[in-house]
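For ligands, and for the atoms within them, numbers begin at 1 and follow the listed sequence.
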Amino acid sequence: MLKVDNIDVYYGAIHALKGISLEVNQGEIVTLIGANGAGKSTTLKTISGLLKPKSGAIYFEGQNITGKKAPDIVKMGISQVPEGRRVFANLTVLENLELGAYLRNDKQGIQEDMEKVFVRFPRLKERLKQLAGTLSGGEQQMLAMGRALMSRPRVLLLDEPSMGLAPILVQEIFNIIKDINATGTTILLVEQNAHMALSIAHKAYVLETGKIVLSGPAQELAQSEEVKKAYLGG
Ligand code: ATP
């Protein structure tokens, strides 16, 4: 469904991604794990059109999307939940959700998706008029996910959804991710919390300094001595 083929990405002189290739099949949860600065966020930003690769290509459903603009990529069905949530703090919960659908004009479909977001995140429904900046960290993560779902994505890119959340909320967010996947959305998940990510993913890639050093079924990687030592605390 989504194929990243040998991409190189630079920030000025910094060579952040060095020939990254990966594949996400329809219906899967695929996770990218790795230490700080390994290039996980850069990979997501390149897929979503925020960064351009210097070489290599990205295909979505067989179509070459390399270099397309971010809004066009959203329209095609790929939506990103950025690291650190980035909700619009001075807008209400409802306004944030509406912005997630700004590229759509099917009013009825938008309303249906809004209802689905309320079912999935009842806490957002209770806080529709509240300014997003006053939500708790967990609620902001839910809002960022709800906003992304309002574009009715076929692939959801999640950048560190567990960052800064209490353990009980981390569990809740991961349950929600599993459920979003179970209802038909393919997921590419970037996480520092390798333990949680490997527990819900079908497939995993391990990044180190801009390269993929290991990949395979998530269950297998979770058992690998190398991964245990480096990412699962021994
Ligand atoms: P983290 O979990 O800390 O976000 P990451 O694996 O997502 O780590 P990236 O954010 O993709 O890592 O960063 C990859 C490399 O690119 C790092 O060396 C980082 O310093 C560098 N980098 C990221 N963003 C920029 C930028 N805007 N300008 C210059 N260098 C950058």
The answer, listing residues by chain and number that come under 4.0 Å of ligand 1 through any heavy atom, is Y11, I14, A16, A35, N36, G37, A38, G39, K40, S41, T42, E83, E160, Q192

Tell me the salt bridge (Lys or Arg N to Asp or Glu O under 4.0 Å) pairs involving residues 9-37, sequence neighbours left out?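 Every pair satisfying salt bridge (Lys or Arg N to Asp or Glu O under 4.0 Å) with a residue in residues 9-37: E28-K203.
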
Verify same cluster id: L189, L32 (apolar side-chain graph, 4.5 Å):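 No, because L189 and L32 fall into different hydrophobic clusters, even though each may have its own neighbours under 4.5 Å.
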
In a check of side-chain hydrogen bond (donor to acceptor under 3.5 Å, both in side chains) between E61 and each of R154, K3, Q26, which one passes? R154

Does atom NE2 of H195 have more than 12 heavy-atom neighbours, drawn from other residues, nucleotides or ligands, at distances under 6.0 Å?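 No - once you tally the heavy atoms of other residues, nucleotides and ligands closer than 6.0 Å, there are 12 at most.
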
Could you work out, with side chain to side chain donor-acceptor pair (under 3.5 Å) as the rule, every residue matching D72, not counting sequence neighbours?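 Not a single residue meets the side chain to side chain donor-acceptor pair (under 3.5 Å) criterion with D72.
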
Listed by chain and number, what are the side chain to side chain donor-acceptor pair (under 3.5 Å) partners of E220, not counting sequence neighbours? none

